[in-house]
Amino acid sequence: MSAGADPIVRLAGVAKRFGARTILDGLDLAVPRGTNYVIMGPSGTGKSVTLKIMSGLLAPDAGSVEIDGVRIEGGSRRALRQARERLGFVFQGAALINWMSARDNVALPLRERGVPEGEIRATVDRRLAEVGLADIGDKFPSELSGGMRKRVGFARAVVLEPSLVLYDEPTTGLDPVTTRIVDELVIGARDRHGATGVVVSHDVGSALRVADRIGVLDGGRIAIELTPDEFLRSTHPVVRSFLADQPAPRETRPPERSAP
Amino acid sequence: MSARRPSPLTSVADGLEHAGRTFLLLVLALAHAALPRRPLRALGRLVEQLHVQLVKSLLVVSVVGAFMGMILALQSGEALRRYGAEGQLPSIVAASMAREMGPFVTAIILAATVGAAIAAELGTMRVSEEIDALELMNIDPVPFLVTPRIVALGIAAVLLTVLVDVVGVVGGALVAHAHFGISVPEFLTASRDALSEPRMLGVLSKDLYSGLVKALVFGLMVGGLACSAGLRAEGGALGVGRAVRSSVVASVVLTLVVGYVITWVFWVVLA
């Protein structure tokens with residue numbers, strides 16, 4: 001379990017079963033505010049389930065889930081609404097509304113909160129520029145590449161300046177260049193906007209670049225928690241199996257943290 | 001390895017659960033329609049859906065309606081000629097179209113076109129996590145997606161039923177003129193007279209009321225079934241396909257069952 005002060009995400013004893021299969025079995029996790037926490041683990045170990053429980057999309061069978069001081073596991077709509085006000089979510093497939101343009105997708109959370117149209121336009125333009133897509137606002141998701149869709153999804157997730165952003169496999173299926181761009185966005189969300197990030201990934205290179213801490217999920221719990229440097233030196237079997245398929249460690253070593 | 005088949009009892013329980021969820025979704029969607037949080041935005045979404053649904057169905061509904069009236073006129077006209085009663089043809093065609101065929105044909109076409117499209121659209125949104133994305137943005141999918149589709153289908157069903165009734169009667173008039181020597185103006189006048197009595201609530205005839213009530217109920221029902229099936233989709237493209245099929249099958253079967261119940265209410269209970 002993370003030992004950071006003032007955790008923004010706190011999971012205690014979380015369990016989740018699907019039929020006879022136990023996915024999470026007493027998971028404890030605390031994510032310190034202002035850090036990027038990467039959850040790694042083999043396929044089917046419950047990484048995405050953990051993220052969905054954090055966002056309230058799935059209810060745990062047991063345990064407690066606290067997001068920025070709000071307990072959400074009880075199914076209270078008000079608590080969930082309150083927690084989601086502070087939360088952004090970047091989906092693996094971007095999950096853009098397919099009949100809306102990129103601009104309207106990014107504008108959607110603002111429009112639903114009744115923000116004036118002039119303000120929406122300026123904010124959306126700024127967010128699209130930040131992800132390097134200032135000129136594709138009128139295009140629809142079907143006209144964009146996978147990397148572009150992910151970046152639009154990122155712009156939508158951070159448009160309300162959430163204090164916590166959850167990333168579900170943000171670099172899966174992307175080429176190395178786009179992967180680096182997305183990694184920079186994840187790092188930028190932490191360093192420029194102060195948003196805590198919880199990243200689910202099995203892309204070791206990307207994880208080492210963006211993470212402050214890496215938690216390895218195995219057997220329904222965080223089996224080991226490490227800094228990126230510790231991760232590279234770890235002898236834990238799951239960590240070794242991840243590193244076995246990777247290029248030389250120096251290529252995946254994390255960059256220095258940029259000044260806020 | 002093939003999946004284990006569910007027991008009949010499990011299938012019945014699933015069906016009842018689906019029916020209950022669909023009914024609740026329908027009630028919730030109509031409650032949001034009655035008390036919208038942002039009326040102007042809700043109206044905009046409704047008009048957008050109504051436009052899409054009417055454009056999608058107008059041509060096919062018109063063609064099917066016209067041929068339905070022509071077939072009715074030809075079949076009934078041949079039977080009536082044996083008894084020298086061809087003069088009854090306009091009232092038979094008009095009443096059949098207004099009471100039964102208009103709403104029924106419209107509902108079946110809407111279930112197969114608009115309902116299937118809605119189930120596929122919402123199903124795709126469900127499996128590609130777009131619905132989850134809406135929920136995480138604190139946007140309730142019911143007023144955002146379901147209410148405009150269901151209410152638009154209710155309105156579209158009524159408007160399209162009137163169109164089917166009209167083109168059906170005109171189609172019948174053309175056949176009556178070609179095969180039975182009844183002039184078109186004579187047929188249309190007789191049809192109008194047949195649909196004028198008996199009046200209910202002093203405005204429309206019972207034939208028209210029963211047909212329009214059926215159309216409204218069928219439209220709302222097709223919309224509710226399509227939205228419910230789409231929102232429950234799971235398992236990728238296969239799941240979307242299953243949602244579309246279950247939406248169309250349930251719509252067609254329930255259109256017949258509910259159509260019978262409404263006919264019974266109008267022509268037996270309120271006789």
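Within every chain, numbering begins at 1; the chains are lettered A, B, ... in the order of the sequence lines, protein sequences first and strands thereafter.
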Contact class of [X] relative to chain B, heavy atoms under 4.5 angstrom:
{"X": "A:Leu160", "result": "neither"}
{"X": "A:Leu57", "result": "side chain"}
{"X": "A:Arg156", "result": "side chain"}

Would you mind reporting whether [Y] and [X] have side-chain heavy atoms less than 4.5 Å apart?
{"X": "B:Pro141", "Y": "B:Val146", "answer": "no"}
{"X": "B:Met137", "Y": "A:Arg84", "answer": "no"}
{"X": "B:Val249", "Y": "B:Ser246", "answer": "no"}
{"X": "A:Met54", "Y": "A:Ile39", "answer": "yes"}
{"X": "A:Phe91", "Y": "A:Asp168", "answer": "no"}
{"X": "B:Phe144", "Y": "A:Glu112", "answer": "yes"}

In residues 138-155 of chain A, which residues are in contact with chain B at a heavy-atom separation under 4.5 Å?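 Within residues 138-155 of chain A, near chain B: nothing under 4.5 Å.
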Any carboxylate oxygen within less than 4.0 angstrom of a Lys/Arg side-chain nitrogen, looking at B:Arg232 and B:Glu234? no
What residue, out of A:Ala83, A:Pro109, A:Ala94, has the most heavy-atom pairs lying under 4.5 Å from chain B? A:Pro109
Based on non-hydrogen pairs under 4.5 Å, which of A:Gly93, A:Pro162, A:Gly56, A:Ser55 is most in contact with chain B? A:Ser55
At a 4.5 Å cut-off on heavy atoms, which part of B:Leu136 comes close to chain A: side chain, backbone, both, or neither? both
Side chains of A:Thr196 and A:Arg33, donor plus acceptor under 3.5 Å: no
Quick one: do the B:Asp14 and B:Ser11 side chains pair a donor with an acceptor below 3.5 Å? no
Considering heavy atoms only, which positions within residues 40-65 of chain B lie below 4.5 Å of chain A? B:Arg41, B:Arg45
Listed by residue number, which members of residues 123-135 of chain B have a heavy atom under 4.5 Å from any heavy atom of chain A?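 If one takes a 4.5 Å heavy-atom cut-off, the residues of residues 123-135 of chain B near chain A are B:Met125, B:Ser128, B:Glu129, B:Glu130, B:Asp132, B:Ala133, B:Leu134, B:Glu135.
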Has A:Asp104 got a side-chain atom pairing as donor or acceptor with A:Met100's backbone, closer than 3.5 angstrom? no
Between A:Thr22 and A:Arg17, is the side-chain hydrogen bond (donor to acceptor under 3.5 Å, both in side chains) condition met? List the steps. CA-CA 4 Å; A:Thr22 300; A:Arg17 294 167 68 93; 3.0 Å; yes
Are more than 12 heavy atoms from other residues, nucleotides or ligands located less than 6.0 Å from atom [atom1] of [X]?
{"X": "A:Arg81", "atom1": "CZ", "result": "no"}
{"X": "A:Arg121", "atom1": "CZ", "result": "no"}
{"X": "B:Phe23", "atom1": "CZ", "result": "no"}

Take A:Arg192 and A:Glu130 through the test salt bridge (charged side-chain N to carboxylate O under 4.0 Å, His left out) and record every step on the way to the result. CA-CA 11 Å; A:Arg192 282 194 292 278; A:Glu130 276 173 11; over 6 Å; no
For residues 218-231 of chain B, which side-chain N or O atoms pair as donor and acceptor with protein atoms under 3.5 Å away, sequence neighbours left out?
| residue | atom | partner | partner atom | Å |
| --- | --- | --- | --- | --- |
| B:Ser228 | OG | B:His18 | NE2 | 3.3 |
| B:Ser228 | OG | B:Thr22 | OG1 | 2.9 |

